[in-house]
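Reading through the structure tokens given below for one structure.
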Amino acid sequence: MPVDSRRLQGPESAFSYTLLKKKDANAEESVLSADLQKMLIGSNQVRKDKRKPTDARPLFLRTGIISQAKGSAYIEQGNTKLVCGVYGPREVQKKSDFRLNGQLFCEFKFAPFSCQKRRSHQQDNEELVLSGLLREALEAAVCLHHFPKAQVEVNIMVIENDGSPLAAALTCASLALASASIPMYDLVIGTAVRQLPKLLLLDPTRDEEWQPKLNHDENNSNLTVGFMPSMQQICAYVHEGVSNPEELEQMLKLVTEYCLKVQPVVQLCLKETIEKMLANEGENKDAE
Amino acid sequence: MAEILLSEAEKAFIHHGVQDDLRCDGRTRLDYRPIILETGLVSNASGSSRLRLANSDVLVGVKVELASPLSEKPLEGRLEFFVDCSANATPEFEGRGGEDLANEICRFLQMSYMSGDTINLAELSVLTGQQCWVLYVDILILECGGNLYDTVSLAVKSALYTTQIPSIKVATMDGDQPELELSEDPYDTKRLNTQNVPCLVTLMKIGNHYLVDPTPEEECCSSSGVVVAVSGTKKITAVRKIGSGSLHPESLVSMLKTASEVGTVVNKILMNKLLEEERAGKTQKVGFMR
């Protein structure tokens with residue numbers, strides 16, 4: 001991997017101070033499912049942020065946030081905040097990449113201060129894979145044949161990561177693409193769900209997300225899905241953790257139902273964007 | 001994978017064949033191509049294997065080294081994957097062309113091995129918080145003939161099965177520094193329990209049906225598919241959708257069910273073959289001479 005020689009890295013012996021935190025005795029045992037569930041859900045079936053297991057965090061969407069970009073969007077899902085900028089369609093940078101259909105270039109980046117552990121300025125392997133996943137998902141939604149020999153760039157920057165960044169990125173990117181007038185088949189809505197042995201948590205926060213641990217029980221996993229509600233098609237599917245096909249089917253059903261509920265919200269945001277654009281155009285015409 | 005140019009007629013031919021459960025090479029939709037497997041080829045590695053799935057050829061070498069464990073996980077050893085797409089495999093891998101694919105395979109392998117059910121990394125710990133075994137799994141893709149994910153995962157599982165880890169005794173001294181003693185007998189080694197190590201199964205969707213073990217031509221015809229990591233206990237440890245197309249939720253669910261069944265069968269057959277090879281003892285290595 002290319003080393004960043006232009007920036008000063010911290011000394012190699014530096015490590016996160018959170019490792020010195022006294023380990024809570026309860027936290028050690030909480031790897032077991034029963035205690036894990038107790039930790040995440042109180043006895044009255046309510047999560048730490050007062051949500052029910054099948055409640056998602058409130059969603060905030062806005063477009064036109066980057067003035068220089070063709071289209072842009074900002075999403076806040078609880079404390080997860082990210083920005084997406086869309087540039088294009090413009091000529092392909094490398095002439096050798098000539099292709100009859102349009103191309104999509106996605107860049108997924110965590111800001112260094114966005115996660116609990118500091119991220120590097122350059123894309124690491126995880127971000128490269130997330131960029132690839134995002135690209136494959138959006139390629140299913142965008143009408144690539146409408147801009148041959150051209151490319152569209154989608155840049156995602158995660159400002160704060162409090163769980164389910166890929167899900168928020170999918171929604172934000174498709175909103176940004178739509179506001180940039182890129183022809184699309186349908187909007188992509190992203191959702192994440194955490195599976196516990198006897199429960200499903202929709203839209204997990206970072207503390208609720210699945211982490212690889214020793215001696216993990218079965219049926220403990222994380223699923224992120226990108227769904228196109230009008231076309232009833234899944235364009236992104238990432239699952240990590242131990243599960244079985246029957247449970248995965250249930251998780252998928254929960255996710256698709258939620259995506260159908262969110263679709264009108266995203267469409268409303270898009271509608272407001274267009275109304276604002278038309279209002280601005282009207283004003284400009286009057287000024288002339 | 002490799003740039004395959006297919007005419008519309010060829011694509012239609014493949015589509016029709018898949019509908020009738022008869023693929024171009026005579027297989028049914030759920031058949032694998034012939035696999036040639038050999039372990040213990042590389043004398044300098046602690047474990048190695050070479051797996052050839054029809055035209056896909058993968059060589060895996062595992063080297064064990066002592067290092068300090070991750071500060072967040074002081075009780076565990078480490079497993080580091082590295083995939084190298086050789087430029088010989090296909091013209092697209094020239095220079096840095098194969099990097100994206102290598103990164104994806106590497107990352108997906110890591111994800112599928114991270115789930116607690118698969119491999120017990122606590123077995124690799126030598127001294128809590130200070131020394132542990134790190135297994136560097138280096139995967140070399142020699143030839144690309146479609147279905148790289150499956151080939152790589154089977155080769156890695158075989159290599160890990162045969163990996164010999166030297167036994168180390170910790171002799172505590174009076175001072176703070178404990179001393180590590182390597183056993184004098186070079187054959188005094190231990191092996192990891194790889195019973196539950198996952199196998200990856202790739203299912204590509206063509207028309208209304210899905211195929212196991214696609215050839216490069218079939219991959220070209222298909223717009224989407226899933227790669228499923230199935231552990232020895234019929235559990236799914238990681239799933240990823242690949243390709244630029246989309247899938248209906250129902251087809252996805254049935255693909256997952258099929259993948260889980262196919263993966264279990266593949267796991268069982270692989271373990272049987274590895275046991276067979278072990279029992280056959282130290283026969284002459286065939287290597288690349290075939």
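Labels below follow one simple rule: chain letters A, B, ... track the order of the sequence lines, proteins then strands, and each chain is numbered from 1.
Contact residues of residues 103-112 of chain B toward chain A are B:Asn103, B:Glu104, B:Arg107, B:Met111 (heavy-atom distance under 4.5 Å). Contacts with chain A (heavy atom to heavy atom, under 4.5 Å) involve these residues of residues 247-256 of chain B, listed by number: B:Leu247, B:His248, B:Pro249, B:Leu252, B:Val253, B:Leu256.
A side chain to side chain contact (heavy atoms under 4.5 Å, CB included) with A:Val188 is found for one member of A:Ile234, A:Val266, A:Leu170, A:Leu175 and no other, namely A:Leu170. For the side chain to side chain contact (heavy atoms under 4.5 Å, CB included) with B:Leu66, the lone residue among B:Leu127, B:Ile168, B:Val134 that qualifies is B:Ile168.
For A:Gln195, the side chain to side chain donor-acceptor pair (under 3.5 Å) test picks out A:Ser221, A:Ser243, A:Glu247, with sequence neighbours left out. Listed by chain and residue number, A:Arg119 satisfy the salt bridge (Lys or Arg N to Asp or Glu O under 4.0 Å) test with A:Glu126 (two or more places apart in sequence, or in another chain).
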Evaluate ring pair (Phe, Tyr, Trp, His ring centres under 6.0 Å) for B:Phe81 paired with B:Tyr113, printing each intermediate quantity in order.
CA-CA 10 Å; B:Phe81 293 98; B:Tyr113 275 66; 5.0 Å; yes

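A:Gln263 and A:Ser230 are linked by a side-chain donor-acceptor pair at a separation below 3.5 angstrom, with hydrogens and angles left out of the test. A donor and an acceptor atom, one from each side chain of B:Thr202 and B:Asn147, are located under 3.5 Å apart.
Each of A:Asn244, A:Leu252, A:Val255 has some count of heavy-atom pairs under 4.5 Å with chain B, and the biggest count is that of A:Leu252.
Around atom NZ of B:Lys190, more than 12 heavy atoms belonging to other residues, nucleotides or ligands sit under 6.0 Å away.
Remark: side-chain polar atoms of B:Lys73 are not paired, donor with acceptor, to backbone N or O of B:Leu75 under 3.5 angstrom.
Under the 4.5 Å side-chain criterion, counting only non-hydrogen atoms from C-beta, B:Val262 is in contact with B:Tyr32.
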